[in-house]
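Nothing fancy with the numbering, it's 1 onward along the sequence.
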Amino acid sequence: MRSHTTLMIQLFHVSKFYERCTALQDVSLRIEKGECVLLTGPSGAGKTTLLKLIFGAEIPDEGQILVQNRNVARMREGDIPYLRRTMGFVLQNFKLLPKKTVFENVALPLIIQGVARSESKRKVGEAIKAVGMGHKHKSQTGVLSAGEQQRVCIARAIVNNPIILLADEPTGNLDTALTAEIVELFKIINARGTTVLLATHNQSVVENMNGRVLHLQAGRLVSDKGPGG
């Protein structure tokens, strides 16, 4: 019997419909604190939709979603940003401000939250150092390589020490060598206790992360295998 307090994410019969398609159909799952979970499946399988639902960027049409034992679908709109402060989200399309420095990009979530300048400086410094970008903290992100930009995105996602880290195809635009580097970063973050849910279609990422694998097909969860399964 799993301890209720260790469950970070729970979905109960969740469905999401768009005008021309069914994005998710009757998905139920549980993710425990500290787990590393790979969300796999072809393009259009529902991976991005599932991450958006957990993050509170979309609302399910059917079913319930609990994140840290809070019902996301029933939360007041004004409370969702507070829940998001405990989560990081790494996007495939970097969405960095190209004319801002690495430091300024990573600091953005803390500025939005009103974190004191001294604390913000410390947290940003730690996050940038953690992803190996400390030497480029004054560089504009627009001149960085794709791999460096992805590192900045990860630093921005972990700057507030999230309990949960979501990532949507974080290696989608990277070559094999850079992909391996980013995978190692996620493994380190997970080893520190952060629950990681990473969507990918890259089989080498799945194999190297060595986490639990959830496979989506046409909006349905068709398999759930433990590490090495």
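The neighbour count for Tyr82 OH, taken as heavy atoms of other residues, nucleotides or ligands under 6.0 Å away, does not exceed 12. Within a 6.0 Å sphere centred on NE2 of His201, heavy atoms belonging to other residues, nucleotides or ligands number 12 at most.
To the nearest 0.5 Å, the span separating OG1 on Thr195 from CD1 on Ile163 amounts to 8.0 Å. Annotation: the span from Leu216 atom CG to Gln25 atom CD amounts to 12.0 Å, rounded to 0.5 Å. Arg212 contributes atom CZ, which lies 8.0 Å from atom CD of Glu32 (distance to the nearest 0.5 angstrom). Between the CZ atom of Arg156 and the CG atom of Asn105 there is a distance of 6.5 Å, given to the nearest 0.5 Å. The CG atom of Asn71 sits 9.0 Å away from atom CZ of Phe12, with the distance rounded to the nearest 0.5 Å. Rounded to the nearest 0.5 angstrom, Leu83 CG and Ile54 CD1 are separated by 11.0 Å.
The two residues Gln64 and Ala73 make their nearest non-hydrogen contact at OE1-CB, 4.4 Å. Residues Ala127 and Val159 share a closest heavy-atom pair of CB-CA, 3.9 Å. For the pair Leu185 and Ala130, the tightest heavy-atom approach, listed with the atom from each and the gap, is CD2-O, 3.5 Å. Among all heavy-atom pairs drawn from Asn190 and Cys36, the shortest one is OD1-CB, 3.4 Å. Shortest non-hydrogen contact noted between Ala167 and Leu51 is O-CD1, 3.5 Å. Residues Pro162 and Gly88 share a closest heavy-atom pair of CB-N, 3.5 Å.
Side-chain contact check for Met87 versus Phe55: some heavy-atom pair is nearer than 4.5 Å. At a threshold of 4.5 Å between non-hydrogen side-chain atoms, the residues Asn202 and Thr179 count as touching. Within the 4.5 Å cutoff, no side-chain heavy atoms of Leu24 are placed close to those of Leu11. Put simply, the side chain of Thr176 does not reach to within 4.5 Å of the side chain of Ser204, judged on heavy atoms. The shortest side-chain heavy-atom distance between Thr86 and Ile164 does not fall under the 4.5 Å cut-off. In this structure, Lys136 and Glu148 have side chains that are in contact, with non-hydrogen atoms separated by less than 4.5 Å. Side-chain contact between Phe186 and Ile154 is present, with heavy atoms from C-beta onward closer than 4.5 Å. Residues Val90 and Leu165 meet the side-chain proximity criterion, which asks for heavy atoms closer than 4.5 Å.
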Derivation of the salt bridge (charged side-chain N to carboxylate O under 4.0 Å, His left out) call for Lys16 and Glu62: CA-CA 7 Å; Lys16 180 66 181 178; Glu62 295 176 355; over 6 Å; no
Criterion side chain to side chain contact (heavy atoms under 4.5 Å, CB included) on Ser15 and Thr22, from CA distance to verdict: CA-CA 8 Å; Ser15 296; Thr22 298; 5.8 Å; no
Worked verdict on Glu181 versus Arg151 for side chain to side chain contact (heavy atoms under 4.5 Å, CB included): CA-CA 9 Å; Glu181 291 181 11; Arg151 286 175 178 270; 2.9 Å; yes
Verdict with reasoning, Val67 to Ile65, per side chain to side chain contact (heavy atoms under 4.5 Å, CB included): CA-CA 7 Å; Val67 179; Ile65 300 174; 4.0 Å; yes
Intermediate values then yes/no, side chain to side chain contact (heavy atoms under 4.5 Å, CB included), Asp79 and Arg70: CA-CA 11 Å; Asp79 290 336; Arg70 301 184 69 184; 4.2 Å; yes
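Here Glu184 pairs with Lys187 in a salt bridge; the nearest charged N to carboxylate O distance falls below 4.0 Å.
When hydrophobic clusters are built by joining Ile, Leu, Val, Met, Phe, Trp and Tyr residues whose side-chain heavy atoms come closer than 4.5 Å, directly or via intermediates, Leu108 is not grouped with Met133. Transitive grouping of hydrophobic side chains (ILVMFWY, heavy atoms separated by less than 4.5 Å) brings Ile80 and Val14 into a common cluster. In the hydrophobic clustering of this structure, Met75 does not group with Ile59; members are Ile, Leu, Val, Met, Phe, Trp, Tyr whose side-chain heavy atoms approach within less than 4.5 Å, directly or through other members.
For the pair Glu104 (side chain) and Thr101 (backbone), a donor-acceptor distance under 3.5 Å is present. At distances below 3.5 Å, at least one donor-acceptor pair connects side-chain atoms of Gln150 with backbone N or O atoms of Pro170. Between the Gln149 side chain and the Leu144 main chain, a donor and an acceptor come within less than 3.5 Å of each other. Without hydrogens or angle criteria, Asp61 side chain to Phe17 main chain gives a donor-acceptor distance under 3.5 Å. For Thr40 (side chain) and Thr200 (main-chain N/O), no donor-acceptor pair under 3.5 Å exists by modelled atom type. Put simply, the side chain of Ser28 gets close to the backbone of His13: a donor and an acceptor are under 3.5 Å apart. Side-chain atoms of Lys47 come within 3.5 Å of backbone atoms of Gly41 as a donor-acceptor pair (strictly under, hydrogens ignored). The backbone N or O of Gln10 sits nowhere less than 3.5 Å from a side-chain atom of Arg30 that would complete a donor-acceptor pair. Counting only distance, with no hydrogens or angles, the side chain of Thr141 and the backbone of Leu97 share a donor-acceptor pair below 3.5 Å. Not a single donor-acceptor pair under 3.5 Å links the side chain of Thr171 to the backbone N or O of Leu174.
In this model, a donor atom of one side chain and an acceptor atom of the other lie less than 3.5 Å apart for Asp168 and Thr48. Using a 3.5 Å distance cut-off with no hydrogens or angles, the side chains of Glu58 and Thr49 do not pair a donor with an acceptor.
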Would you be so kind as to tabulate the donor-acceptor pairs closer than 3.5 Å made by side chains of residues 112-122, with sequence neighbours excluded?
from	atom 1	to	atom 2	distance (Å)
Gln113	OE1	Asn160	ND2	2.8
Glu119	OE2	Lys123	NZ	3.4
Arg122	NH1	Glu126	OE2	3.3

